[in-house]
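What you see below is based on every heavy atom in this structure, not just the backbone, and it leaves out hydrogens, waters and symmetry mates. Worth saying up front: this structure is predicted, and the values here are computed from it rather than measured.
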Amino acid sequence: MKTTKKDNNMEESKAETGKFAFNYGLLVGGIGIAFGIMLYTMDMHYERGLAVQGTQTLILVVGIVLGIYQFKKK
């Protein structure tokens, strides 16, 4: 079976996608852990108000959007 140039590009893109997903996953995970520790130190870790949930969602969405933007940019 012959490997075409198009197939090689697709394989390279998949590897790059994984690299971006890993990097931004670590970033979002680290920020999420820091936010959780901050909530714990403020004794707010059981509070599930709109502000806490909104902030957690915003952290996740910003990480995803930044990862997608950087991948498209490259």
Are Phe71 and Tyr69 grouped together when hydrophobic residues (ILVMFWY) are joined by side-chain heavy atoms under 4.5 angstrom apart?
no
Starting from Phe35, can I reach Met44 by hopping between I/L/V/M/F/W/Y residues whose side chains sit under 4.5 Å apart?
yes
Same cluster or not: Leu58 versus Leu60, using hydrophobic residues (I, L, V, M, F, W, Y) connected whenever any side-chain heavy atoms lie under 4.5 Å apart?
yes
Linked, directly or transitively: Ile59 and Met38 (ILVMFWY side chains, under 4.5 Å)
yes
Got a second to check how far Leu39's CG is from Arg48's CZ, nearest 0.5 Å?
7.0 Å
Nearest 0.5 angstrom please: Ile31 CD1 to Thr55 OG1, how far?
12.5 Å
For the CD atom of Gln70 and the OH atom of Tyr24, what is their distance to the nearest 0.5 Å?
4.0 Å
ILVMFWY network linking Val62 to Val52, side-chain heavy atoms under 4.5 angstrom:
yes
